[in-house]
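Any value given below was found using the heavy atoms of this structure, including those in side chains, with hydrogens, waters and symmetry copies removed. Below, read A as the first sequence line, B as the second, and so on, with proteins coming before strands; counting in each chain starts at 1.
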2 protein chains.
Amino acid sequence: MAGRAAVPEVIWARPERTGRGPKPAFTRADIAAAAVRIADAQGLDGVTMRHVAAELGCGTMSLYNYVPRKEDLYELMIDAVGAEHEMFEPTGDWRADMLRNAEETRAIMHRHTWVPRLMPGVFGFSPNTLRYLEHCLACLEPLDVPAGTKTELIALLNGVVTTYTGNEIATAERARAMPWSAEEENAVRMAYLGSQIATGAYPRMTAAFTEQSGPVDLEAVFRRALERILDAFDPDLR
Amino acid sequence: MAGRAAVPEVIWARPERTGRGPKPAFTRADIAAAAVRIADAQGLDGVTMRHVAAELGCGTMSLYNYVPRKEDLYELMIDAVGAEHEMFEPTGDWRADMLRNAEETRAIMHRHTWVPRLMPGVFGFSPNTLRYLEHCLACLEPLDVPAGTKTELIALLNGVVTTYTGNEIATAERARAMPWSAEEENAVRMAYLGSQIATGAYPRMTAAFTEQSGPVDLEAVFRRALERILDAFDPDLR
DNA sequence: AGCGCACTACGTACGCTGTACGTAACTAGG
DNA sequence: CCTAGTTACGTACAGCGTACGTAGTGCGCT
């Protein structure tokens, strides 16, 4: 009856230390940093409670004193890389500022390629997430639309950045970590795609594929997508 | 040296049966259907090789005759639900047609709530994915832009649909499956958010939050996002 | 016709995961 | 000073993906 309550927890709401008992050996930041280090070096699958504990030099189960569930560890990681955002002074040009924010997010994801895989699952408003949102709203100050619309712009832009950069990274990662080379992988997939196209069942796709010359420039596609989204919110263009 | 080659495989390129030996007990469609049934009933985490095999009534390792890696099972699943797309006759109104496609994708995802979680990882061009792309291109026939731009439109739209519907589902799922109620969860999160806002560190967020009255209508936000993206590609609006 | 081999079927086993639980050491508050 | 709340962490368990070995089956070739 007086057992531990089955109550939801937001890790950010839980105090970092409580005063009684031995002093905690680590801070939350230590733990996040260790997990990020592992994820950067070995990929997200290397982030296990055992590995993080070993990286910190403590027993596996000691981690659970700081992080009640593994999911919370992920939340710590996302918050940690959120600190890498440069919260620059808004210039007054909201389009340029938001583009800069987007490019920076993309750069962070390329530094920490596990971020896009983690983003969808992480929901909480961590401290650095809140700081970033506030910064985006500051950049959007000159934009004369309701606050709700600004929120929608930020969400749409962030979603697209995550999706696109995630794709870029997935494409690049498939090369690494596989026992075969990127060329082989591509060759096999393209051979299959070619065989499908050759059946004539997909005439329009065939046209689209043969029309394009050379490999797709993913970065250019990304930037065009950003511009288009900004266009869609720009009152000067309607 | 003459061991099994470490060569990439596209499951769709691998023939479904080869004529020699005993007849396979299942088709790929059987397996996909079983996996989808489990995922619908128990969630994606219920989809394990053991469970799928049990659902089919065969030994766990027999599954590996049909599906070399679990990842391929996921690809089968995505392809299976792709068959639920209605490939209607294009009306000539590309905006309306693409909106219909997007809404249908959203409906499919709400029927199979595990799809958004799986989408980012699945890369291959499965038969039904190809059919759907072809159908989208057919819908975009009246749109007078280069083929590459059409592809970008489709990708952007699909990405947004996945992201938004994934969010809708994640929000709804958090209520289920948790040992606490959605109200409790929300209360705790909102209490934390309120405490953060109360610090005054995020004035613009505070304004945005207090300005809005009532809960956010996620579906309306979704539809606005779609319209904006279509706007961005509409030559009649530039 | 009959042999051989490619294929299906599947039990066992291994290394790994998240984490529940119990116990020992430690320190701040009453 | 005592005691209650913490930290620390070893052990244990259920479950995962899948490598490997063996037995049975039936098509294709000689």
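Between A:R14 atom CZ and D:dT7 atom C1' the separation is 13 Å, expressed in whole Å. For the pair A:I38 CD1 and C:dC16 P, the computed distance is 15 Å after rounding to whole Å. In this structure, B:K70 places its NZ atom 14 Å from P of D:dA19, rounding to the nearest Å. The distance from atom NE2 of A:H51 to atom C1' of C:dC16 is 9 Å, rounded to the nearest whole Å. In this entry the distance linking CE of A:M49 with P of C:dA20 reads 10 Å, nearest Å. In this entry the distance linking OH of B:Y64 with P of C:dT8 reads 16 Å, nearest Å. Atom CG of A:D45 and atom C1' of C:dG18 are 14 Å apart (whole Å). Atom CE of A:M61 and atom C1' of D:dT11 are 10 Å apart (whole Å).
Within the 4.0 Å cut-off from OP1 or OP2 of D:dC16, at least one side-chain nitrogen or oxygen of B:R50 is found. Side-chain N/O atoms of A:S62 include none lying less than 4.0 angstrom from OP1 or OP2 on D:dT7.
B:D30 and B:T27 are linked by a side-chain donor-acceptor pair at a separation below 3.5 angstrom, with hydrogens and angles left out of the test.
Comparing A:C58 and B:V47 against DNA chain D, the residue whose closest nucleotide sits nearer the 5' end is A:C58. Comparing A:K23 and B:K23 against DNA chain C, the residue whose closest nucleotide sits nearer the 5' end is B:K23.
Heavy atoms of B:A25 sit under 4.0 angstrom from primed sugar atoms or phosphate atoms, though from no base atom. Backbone-only contact: A:Y66 has heavy atoms under 4.0 Å from sugar-phosphate atoms and none from a base.
Closest to the side chain of B:T48, from the set D:dC16, C:dT8, C:dT19, is D:dC16. Distances were taken from every side-chain heavy atom of A:R20 (C-beta onward) to each of D:dC27, D:dA4, C:dG18; the shortest belongs to D:dA4.
Salt bridge A:R117/A:D45: present, at least one basic N to carboxylate O contact under 4.0 Å. Look at A:R69 and A:D72 and you find a salt bridge, because one of the NZ, NE, NH1 or NH2 atoms lies within 4.0 Å of a carboxylate O, short of that distance.
Under the 3.5 Å distance criterion, the side-chain polar atoms of A:E55 are left unmatched by any main-chain donor or acceptor of A:I38. Proximity of a side-chain donor or acceptor of A:E16 to a complementary backbone N or O of A:R28 within less than 3.5 Å is detected.
One cannot find a donor-acceptor pair under 3.5 Å joining the base of C:dG18 and the side-chain atoms of A:R69.
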